[in-house]
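Chain letters run A, B, ... following the sequence lines, proteins first, then strands; residues in each count from 1.
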Amino acid sequence: MLETKYNHKKVEEKKYEKWLDKGYFLSGDKTKTPFSMVLPPPNVTGKLHLGHAWDVTIQDIIARYKRMDGYDVLWLPGMDHAAIATEAKVVAKLKEEGINKYEIGREGFLKKAWEWKDEYAKNIRNQWAKMGISLDYSKERFTLDEISTKAVNYAFIKMYNDGLIYKGKKIINWDPEAKTALSNEEVIYKNVEGAFYHLKYYIEDSNEYLDVATTRPETLFGDTAVAVNPKDERYNKLIGKNVILPIVNRLIPIIGDEHADMEKGTGCVKITPAHDPNDFEVGNRHDLQRIVIMDESAHMNENALHYKGLDRFEAREKLIEELKEKDLLIEIEKITHSVGHSERTGVMIEPYLSQQWFVKMRPLADAVLANQKTEGKVNFIPERFEKILNNWMNDCYDWCISRQLWWGIRVPAWYKDGEMKVQVESPGEGWVQDEDVLDTWFSSALWPFSTLGWPDNTELYNRYYPTNVLVTAYDIIFFWVARMVFQGLEFTDKIPFNDCLIHGLIRDKDGRKMSKSLGNGIDPMDMIEEYGCDALRFFLTTNSAPGQDLRFDEEKVKSTWNFINKIWNASRFVLINTENLKEYDFKNLTFSDKWILTRLNKTIEEVRKNMDKYEFHNVGSELYSFIWNDFCDAYIEFSKFNMDNISSKSTLLYVLENILKLLHPFMPFVTEELYSNLKIKETESIMISPYPNVKEEFNFDDTINVMEDIRNFITKARTIKKENNIKKDAKYKFESDNSDAYILISNTLKLTEENKIDQNNDDYNELIIDSKSNELQNTLIYYYKESLEDKNKVIEELKKEKEKLENSISRREKLLSNPGYVNNAPSNLVEEEKRKLENEKLTLSEIIKKII
RNA sequence: GGAUUCUUAGCUCAGUUGGUUAGAGCACCUGCCUUACAAGCAGGGGGUCACAGGUUCGAGUCCUGUAGAGUCCACCA
């Protein structure tokens, strides 16, 4: 028999291994309809955080539900090589060991990186196991494995041949720490303290100068013009003249360009085409020279004259000193401005002119936008997230996909004598492969189909693609979701997933983002240790509406634990009382059996409806109130009165069995444990049992209102009894027009035979509790000794109730006499109003009698 | 500047296509060790749904405006 308390550690032990051994997570049953999802591959850089725990639990709920409901579920796991992030971590680790990556070379470094990957992949798999998620490990993939590499190479070459990938020299976001280019999405803008340095650019052959303000004075070495707005009357007459570039003393032209904003700063802008994206454009318009003044680690080069070799910030400092000395500095204006930082290394981005590979976005984005207007669009849940996709697709810029790293898929391009060939294999002797690797997201973008063996025409691909649903957080929509959609459309002519279920981000108790720097992060593994995986899962998935952020509140995890303990104990009760039951027998159902079976049907219906809509918080509250309020508080209590009835025992066990199944996707471990203790069950594991369906023969709809009346009457009786201090052994008289109600009420209120009296003895006063409705009429009279004071109190109470009823009745009458309501409102609501009105009138008439 | 979410009980959140006395958990008050569960049971109190208008027979829900909080994108010489 079960222990008296739920012990999550014991319950969650060894079950996962068993499921794995039995092969329950495997896909491939061809007799069933396929259902597929790919797991958003976590980076192999660390451990899973609460956000992952949330994300994987949602998916596992879907997977388990669909599997139980008869689908052949493929939930494909995998991990992401996370080029920059991993390379940065491996470099840091090597540094600790005193190794420089360039010393050991590309091959040596990659060996180390693979070792790192293997170690972290193992950790991640352990954490997946702890979360209880039902992944098909036989299909596990890695973004750098052969299957993925093949797909990436194919995609790259195809896009190159179709003109969708090109190589070009442009200003890109450069990370001087990782020494690589980044895409715009990998740049995070932060507000930092900085300054506007106002510099004197003397006009040629004159004592006058232009006040040119810049936040990055060290870039002046790359200046090839100063721009003013052609409409700016202060300066436009100077267009065509030259200014003397400070320190360098080179002559550079004053040009007229719309880019110079008259309202902003001084109206004069220095133009550095090799170090600023806007200036790059200006440079193109005016055919200006591009002078690169820094090397790849953001140290000044020979173009910066005597500053050569200095770091950019050091150079800035020294340059300012020199400008001051030479009286070329007008002022330093302190400002706070937003500056791009590398998402991974955290260093300030340097806009940098370099040769990179790009994906031409416009045609791909337009295809997505066009597709979202069709029936075959990606269905976002909640819908509003489609706008984020569309906004991003509307104004996007070409995607820089080359990275100057080693950890990644190498660009399949070969060079010899100024010639370039794009292909996988070396074209032959003397050809050298491009040193760059591709952006991680380029491989992730192909994930839903590359994992299934595309571009080959595989059985997996044909059976499971497109996938049914993708689950991820909203912060990843443009990084990943958008890219999968356009690559899916480009290569497979299909959207990669029909539904895209978006959840929010996890915040701490005070609503702040969880981050390392704040130190407010919570390790899901600690929560599992403390409260169990089932409690964590249920908390994560039932405490917010789709798309909303979730505040992590340990108290709520704790109260979920209590809920599980409640289920545990209810199960104990059922198991203890049904030990001898060999098979279900529903021939002799009592009134409360019929009621709970009907309520179970309604619950199944609601739960299924909400499961299909991914509204898990609704499923949660539906199950919570059914289990706790209906099953435990009411039904189990009532069942105690008919323990000799085999049909009642059957009902107890049957309802429990169904509760466990309904809960299983949320709480896989405890439901498996309890299910394994059931005497009657269809399957050896709850995982492979069929998900509950509504059973028409268990619909006894007329029990619902009657039971509601009975329970209300019981509550009312208890309240009045408590308020009036009626003793347990008070004499009473009880009448009911319904024998089921009579039994349930007298048993529950403990109305014993010995306290029952027929006639009022003059010594007693009467306390009448009654309820009148069309379904049920009860009168319970307690006889007791009371003071006059008590009696007046009772009258007061009755008067209050009378007043309440009168208000309610007049409100309902007004409502029902309103033709607008009666004609327009749904008829079942109108009927319900009428019924309640009738019942209230009956009750009121009784109260009036008593007051008189 | 553009987009978007949020404002409901002391706290954290639900509240489906508008349906008329707004729900839950936790916290609070009262009484119970009634053997499935005191991590529980039985009762109870607590909300002019941010504010102001509008549409409607009917608004927490739809529309307009205001205030506050958050997030994303763009710009930031």
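- In RNA chain B, consecutive stretches of 3 or more Watson-Crick or G-U wobble pairs with both distances under 3.5 Å are given as paired ranges: B:1-7 with B:67-73, B:10-13 with B:23-26, B:28-32 with B:40-44, B:50-54 with B:62-66.
- Note on ring orientation: taking the six-membered ring where Trp is involved, the planes of Phe552(A) and Phe539(A) are perpendicular (angle over 60°, cut-offs 30° and 60°).
- Atom P of nucleotide U71(B) and atom CG of Leu550(A) are separated by 17 Å, given to the nearest angstrom.
- One atom, CZ of Phe626(A), and another, P of A24(B), lie 18 Å apart when rounded to the nearest Å.
- Atom P of G18(B) sits at a distance of 13 Å from the matching atom of A59(B), rounded to the whole Å.
- Nucleotides U16(B) and A74(B) are separated by 35 Å at their C1' atoms, to the nearest Å.
- Nucleotides G15(B) and G58(B) have their P atoms positioned 26 Å apart, rounded to a whole Å.
- Looking at the side chain of Asn824(A), the nearest of the listed nucleotides C75(B), C57(B), U71(B) is C57(B).
- Not a single side chain to side chain donor-acceptor pair (under 3.5 Å) links Tyr209(A) to another residue, sequence neighbours left out.
- Among pairs with a residue in residues 542-554 of chain A, those fulfilling salt bridge (Lys or Arg N to Asp or Glu O under 4.0 Å) read Arg507(A)-Asp549(A), at least two apart in sequence or across chains.
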| query | In B/S/- notation, 5' to 3', how is nucleotides 27-45 of chain B contacted by protein heavy atoms closer than 4.0 Å? | reply | ---B-----BB-BSSBBS-
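- In this structure, the side chain to side chain donor-acceptor pair (under 3.5 Å) partners of His286(A), at least two apart in sequence or on a different chain, are Asp257(A).
- Put simply, CG on Asn828(A) is 10 Å from C1' on G19(B), counting in whole angstrom units.
- Here the separation of C13(B) from U7(B), taken at their P atoms, is 10 Å to the nearest Å.
- What you find for Phe626(A) and Ile596(A) is that their closest heavy atoms are CE1-CD1, 3.9 Å.
- For the ring pair (Phe, Tyr, Trp, His ring centres under 6.0 Å) test, no residue two or more places apart in sequence or in another chain qualifies with His275(A).
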Distances under 3.5 Å between protein N/O atoms and the N/O atoms of nucleotides 68-70 of chain B, please, pair by pair.
none

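- For G60(B) and U17(B), the P atoms lie 16 Å apart once the distance is rounded to whole Å.
- The nearest whole Å value for the distance from the CG atom in Asp276(A) to the C1' atom in C75(B) is 12 Å.
- What you find for Ile320(A) and Pro217(A) is that their closest heavy atoms are CD1-CG, 3.8 Å.
- By the side chain to side chain donor-acceptor pair (under 3.5 Å) test, Tyr654(A) pairs with no residue at all, sequence neighbours left out.
- Note: Phe638(A) and Phe641(A) have tilted aromatic rings, judged against thresholds of 30 and 60 degrees for the angle between ring planes.
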| Audit row: Leu389(A), Cys500(A), side chain to side chain contact (heavy atoms under 4.5 Å, CB included) steps and yes/no | CA-CA 11 Å; Leu389(A) 175 78; Cys500(A) 186; over 6 Å; no
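- In this structure, Asn391(A) reaches the sugar-phosphate backbone alone: every heavy-atom distance under 4.0 Å involves primed, P, OP1 or OP2 atoms, never a base.
- Counting non-hydrogen atoms under 4.0 angstrom, Arg384(A) reaches the backbone sugars and phosphates but no base.
- Atom NE2 of His503(A) is separated from atom P of U5(B) by 18 Å (rounded to the nearest Å).
- Summary of the strand contacts: Pro826(A) and Val187(A) both lie near RNA chain B, and taking for each the nucleotide with the nearest heavy atom, the more 5' one is attributed to Pro826(A).
- Nucleic acid contact class of Ala825(A) (heavy atoms, under 4.0 Å, all strands): base.
- The distance between atom CZ of Arg551(A) and atom C1' of C6(B), rounded to the nearest whole Å, is 11 Å.
- Rounded to the nearest Å, the gap between the P atom of G10(B) and that of C51(B) is 14 Å.
- On the C1' atoms, U71(B) is 24 Å away from U64(B), given to the nearest whole Å.
- Legend: residues meeting ring pair (Phe, Tyr, Trp, His ring centres under 6.0 Å) with Phe380(A), ordered by chain and number and at least two apart, are absent.
- Comparing A9(B) with C28(B), their C1' atoms sit 12 Å apart, to the nearest whole Å.
- Scored by the ring pair (Phe, Tyr, Trp, His ring centres under 6.0 Å) test, Tyr675(A) finds no partners at all (sequence neighbours excluded).
- Taking atom CD1 of Ile564(A) as the reference point, atom P of G25(B) lies 16 Å away to the nearest angstrom.
- Residues satisfying the side chain to side chain donor-acceptor pair (under 3.5 Å) test with His8(A), not counting sequence neighbours, are Trp561(A).
- In this structure Phe666(A) satisfies the ring pair (Phe, Tyr, Trp, His ring centres under 6.0 Å) test together with Phe538(A), sequence neighbours excluded.
- Side-chain atoms of Ser338(A) come within donor-acceptor range of the base of C76(B), with a qualifying N/O pair under 3.5 Å.
- Nearest nucleotide to the Lys556(A) side chain, out of G19(B), C13(B), C57(B): C13(B).
- For A74(B), the OP1/OP2 oxygens have a side-chain nitrogen or oxygen of Tyr397(A) closer than 4.0 Å.
- OP1 and OP2 of C75(B) both lie 4.0 Å or more from every side-chain N or O belonging to His337(A).
- Remark: C1' of C6(B) and OH of Tyr474(A) are 11 Å apart, rounded to the nearest angstrom.
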